[in-house]
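These notes concern the structure reproduced below.
Since the structure is predicted, the reported quantities are computational estimates derived from the model, not experimental observations.
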Amino acid sequence: MMSKIAVFPGSFDPITSGHVDLVRRALPLFDKIIVAIGVNSQKQTLFPLEQRMSWIKAVFEEEPNVEVDWFENLTAHYCTRIGARYLLRGLRNASDFDYEKTISQLNHIVGGGLETIFLISDPAYSHISSTIVREIIKGGGDASPFLPAAVMP
Ligand code: ADP
């Protein structure tokens, strides 16, 4: 039996409680979920790759079916390379949908049938984004209500 591997791609700058909830809810659907940080050298991030990776590792330390990785270039090519046939993405609202729809259709072609599985965000987390968290941190505020306990920026 081929194992069902899903890649959850993103910047995770930093990982939020919304991301964590999504992964936990998707665990029963897959044999393995790889939280994979897409690295784009043109894009400035608030936290370095090593820091973002170690936070994700800490969050899922006790979850044997979750792995952490990073990749460059196309998400679809990364999936092919590691033998993942599924992408995991979250939908918070209509603008997430508009954006994700196109990306998903492109990945299906480029990834030779790669399927994106969407979970609608839990209402308790649908207001949370890494962008908002970064703004709070930059402004000197306390972002802990939006972050898993292992993430202490
Ligand atoms: P990107 O670099 O694509 O913006 P993010 O790290 O912001 O990556 O998000 C990665 C994925 O996590 C996206 O599918 C996004 O919809 C989902 N996501 C982000 N925040 C939440 C949340 N609060 N609830 C559910 N899904 C979320």
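Sorted by first and then second residue, the ring pair (Phe, Tyr, Trp, His ring centres under 6.0 Å) pairs with a member in residues 20-42 read Phe30-Tyr86; sequence neighbours excluded.
Linking Ile, Leu, Val, Met, Phe, Trp and Tyr whenever their side-chain heavy atoms come within less than 4.5 Å leaves Leu87 and Tyr99 in two separate clusters. Under the 4.5 Å side-chain heavy-atom criterion for ILVMFWY residues, no single connected hydrophobic cluster contains both Val7 and Leu119. Ile34 and Leu27 fall into different hydrophobic clusters, where Ile, Leu, Val, Met, Phe, Trp and Tyr residues are linked whenever their side-chain heavy atoms come under 4.5 Å apart, directly or through other members. Hydrophobic clustering, with ILVMFWY side chains joined whenever heavy atoms are under 4.5 angstrom apart, keeps Leu74 apart from Ile82. Hydrophobic clustering (side-chain heavy atoms under 4.5 Å, transitive across Ile, Leu, Val, Met, Phe, Trp, Tyr) groups Phe71 together with Ile5.
With sequence neighbours excluded, the residues that form a side chain to side chain donor-acceptor pair (under 3.5 Å) with Lys32 are Glu67.
Counting only heavy atoms from C-beta outward, the side chains of Ser130 and His19 approach each other to under 4.5 Å. Considering only heavy atoms from C-beta on, Ser104 comes within 4.5 Å of Phe118 through its side chain. Between Val59 and Phe12 there is no side-chain heavy-atom pair separated by less than 4.5 Å. Between Leu29 and Lys4, the closest side-chain pair of non-hydrogen atoms is not below 4.5 Å. In this structure, Glu63 and Val23 have side chains that are not in contact, with every pair of non-hydrogen atoms separated by 4.5 Å or more. Residues Arg24 and Phe60 are in side-chain contact: their nearest non-hydrogen atoms beyond the backbone lie under 4.5 Å apart. Inter-residue side-chain proximity for Leu147 and Trp55 is flagged as unmet; no heavy-atom pair is nearer than 4.5 Å.
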**OP:** Could you check Ile37 against Ile56 for side chain to side chain contact (heavy atoms under 4.5 Å, CB included), going step by step and ending with a plain yes or no?
**Re:** CA-CA 10 Å; Ile37 301 180; Ile56 302 169; 3.8 Å; yes
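Atom-to-atom distance recorded for Ile137:CD1 and Asp142:CG is 9.5 Å, nearest 0.5 angstrom.
Shown here is Lys43, whose NZ atom has no more than 12 heavy atoms of other residues, nucleotides or ligands within 6.0 Å.
Between Asp122 and Arg25 the shortest heavy-atom distance is N-NH1, 3.4 Å.
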